[in-house]
J.: 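This is the structure I have questions about; it appears just below.
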Amino acid sequence: MEIIDSVMSMQLDLYAQTDMQDPDTGAIKKEWNYVSTVPCNAKGVISNTISTRSSDRQLLDNRYKNENFIQIRTIEKLNIRYKIKNIRNKDGKYIWTELNYPNETPTVFEVVGVTPITDPFGTIVAYNSTAKRSENQEIGI
């Protein structure tokens, strides 16, 4: 356990999507429920291409987009139905926060891909997940 603690020195909170049907209207509503806190190691995605020099991109198109991608290493396999929030270091300080909010709330990310990491014998030892900043920064909506 000490080796894992040294490699996975951060934590994140996982939220899973459940679909609920409104009994009056029949509309499908998404709810986000807390699943667990998972040890991890996260870092921003840095690229050396001209189009993406860092993990942050701001695009002006028909509407403004603020894109931020991160890589997360976990022992537990994540999936694309998860949202991630509260990525924090061993001291409990948030790593990614929304600077446009007055109180710098923790950034919400959506998992967009998962790749297993194997040892030389083909045994899966961990997972690398790519996540992007969620357009909707509210969990539960």
Side-chain angles (χ1 to χ4, degrees), residues 1-23 25-141:
M1 188 67 171
E2 291 177 19
I3 294 174
I4 292 175
D5 289 341
S6 67
V7 176
M8 309 288 182
S9 60
M10 301 175 187
Q11 292 185 326
L12 59 80
D13 293 336
L14 284 181
Y15 292 82
Q17 172 186 317
T18 56
D19 295 330
M20 307 285 287
Q21 186 169 16
D22 185 301
T25 65
I28 301 295
K29 295 181 180 180
K30 292 181 183 179
E31 277 192 15
W32 295 96
N33 300 304
Y34 171 79
V35 174
S36 64
T37 297
V38 176
C40 70
N41 189 346
K43 63 181 182 177
V45 174
I46 297 174
S47 171
N48 60 2
T49 64
I50 293 172
S51 64
T52 319
R53 291 192 177 251
S54 74
S55 63
D56 297 336
R57 287 193 326 173
Q58 296 179 356
L59 304 172
L60 294 172
D61 195 357
N62 289 340
R63 61 183 223 203
Y64 173 81
K65 292 181 185 175
N66 180 6
E67 293 184 341
N68 187 347
F69 290 88
I70 61 173
Q71 290 288 319
I72 305 165
R73 182 168 291 182
T74 57
I75 300 298
E76 181 176 326
K77 184 178 182 181
L78 307 181
N79 70 55
I80 60 172
R81 291 184 62 90
Y82 286 142
K83 281 197 178 185
I84 296 168
K85 189 175 180 178
N86 303 328
I87 300 173
R88 54 203 179 275
N89 64 18
K90 64 179 181 170
D91 297 325
K93 294 184 181 176
Y94 298 121
I95 308 291
W96 282 273
T97 58
E98 292 297 297
L99 299 177
N100 58 340
Y101 289 153
N103 56 357
E104 293 192 24
T105 60
T107 302
V108 176
F109 291 94
E110 299 173 2
V111 177
V112 294
V114 180
T115 302
I117 302 168
T118 58
D119 68 11
F121 305 104
T123 303
I124 297 173
V125 294
Y127 295 90
N128 269 346
S129 300
T130 301
K132 72 173 187 170
R133 181 186 175 274
S134 180
E135 194 171 309
N136 183 350
Q137 285 294 303
E138 298 292 327
I139 293 283
I141 296 177

J.: Search all heavy atoms of Tyr82 against all heavy atoms of Glu76 and return the closest pair with its distance.
T.: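 Answer, listing the atom of Tyr82 first, then Glu76: OH-OE2, 4.4 Å.
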J.: Taking everything shown except Ile80 itself, do over 12 heavy atoms lie less than 6.0 Å from its CD1?
T.: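 For Ile80, atom CD1 is not crowded (no more than 12 foreign heavy atoms under 6.0 Å).
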J.: Strictly by side-chain hydrogen bond (donor to acceptor under 3.5 Å, both in side chains), give each pair with a member in residues 109-119 just once, sequence neighbours left out.
T.: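 Checked against side-chain hydrogen bond (donor to acceptor under 3.5 Å, both in side chains) - neighbours excluded - the pairs reaching residues 109-119 are Glu110-Ser134.
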J.: Test your reading of the model: is there a side-chain donor-acceptor pair from Gln11 to the backbone of Arg88, 3.5 Å cut-off?
T.: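 Checked: no pair found.
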J.: Do Gln17 and Lys83 come within less than 4.5 Å of each other through their side chains, counting heavy atoms only?
T.: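 The answer is no; the side chains never approach within 4.5 Å.
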J.: Side chains of Ile117 and Arg73, heavy atoms from C-beta outward: is any pair under 4.5 Å?
T.: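 Answer yes - side chains close enough.
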J.: Below 4.5 Å, heavy atoms only, C-beta onward: do Asn33 and Glu31 meet side chain to side chain?
T.: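 Asn33 reaches Glu31 side chain to side chain.
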J.: Give the minimum heavy-atom separation between Phe109 and Ala131, together with the two atoms involved.
T.: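 The pair with the smallest heavy-atom distance is CB-CB, 3.9 Å.
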J.: With the side chain counted from C-beta on, respond yes when Leu78 and Tyr127 share a heavy-atom pair under 4.5 Å apart, and no when they do not.
T.: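 No, every pair of side-chain atoms sits at 4.5 Å or beyond.
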J.: Counting distance only, does the side-chain N/O of Asn89 pair as donor-acceptor with the main-chain N or O of Asp91 below 3.5 Å?
T.: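 At least one qualifying donor-acceptor pair exists.
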J.: With rounding to the nearest 0.5 Å, note down the distance linking OG1 in Thr105 to CD1 in Ile139.
T.: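 Rounded to the nearest 0.5 Å, the OG1-CD1 separation comes out at 10.5 Å.
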J.: To the nearest 0.5 Å, how far apart are CE in Met10 and NZ in Lys93?
T.: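 One finds 13.5 Å between CE of Met10 and NZ of Lys93.
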J.: First locate atom NZ of Lys30, then atom CZ of Arg81, and finally report the distance between them rounded to the nearest 0.5 Å.
T.: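 One gets 8.0 Å once the value is rounded to the nearest 0.5 Å.
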J.: So, Asn68 and Thr107: side-chain donor and acceptor under 3.5 Å apart, yes or no?
T.: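 Not at all, the side chains of Asn68 and Thr107 share no donor-acceptor pair under 3.5 Å.
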J.: What pair of heavy atoms forms the shortest contact from Tyr34 to Thr37, and how long is it?
T.: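 Reported closest heavy-atom pair: OH-OG1, 2.7 Å.
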J.: Side-chain contact test, heavy atoms from C-beta onward, threshold under 4.5 Å: evaluate it for Val45 versus Lys132 and give yes or no.
T.: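 They are not in side-chain contact.
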J.: Of all heavy-atom pairs between Cys40 and Ile72, which one has the smallest distance, and what is that distance?
T.: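 So the two residues come closest at CB-CG2, 3.9 Å.
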J.: With Ile70 as reference, evaluate Ile87, Thr130, Ile84 under the side chain to side chain contact (heavy atoms under 4.5 Å, CB included) test and give the passing residue.
T.: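 Checked Ile87, Thr130, Ile84 against Ile70; only one passes side chain to side chain contact (heavy atoms under 4.5 Å, CB included): Ile87.
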J.: Looking only at atom types and distance, does a side-chain atom of Ser36 sit under 3.5 Å from a main-chain N or O of Val38, one as donor and one as acceptor?
T.: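 Checked: no pair found.
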J.: Between atom CG of Asn86 and atom OG1 of Thr97, what is the distance when rounded to the nearest 0.5 Å?
T.: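 Taking CG in Asn86 and OG1 in Thr97, the distance rounds to 11.5 Å.
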J.: Does Ile75 reach the side chain of Met8, with side-chain heavy atoms less than 4.5 Å apart?
T.: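 Sidechains of Met8 and Ile75: in contact.
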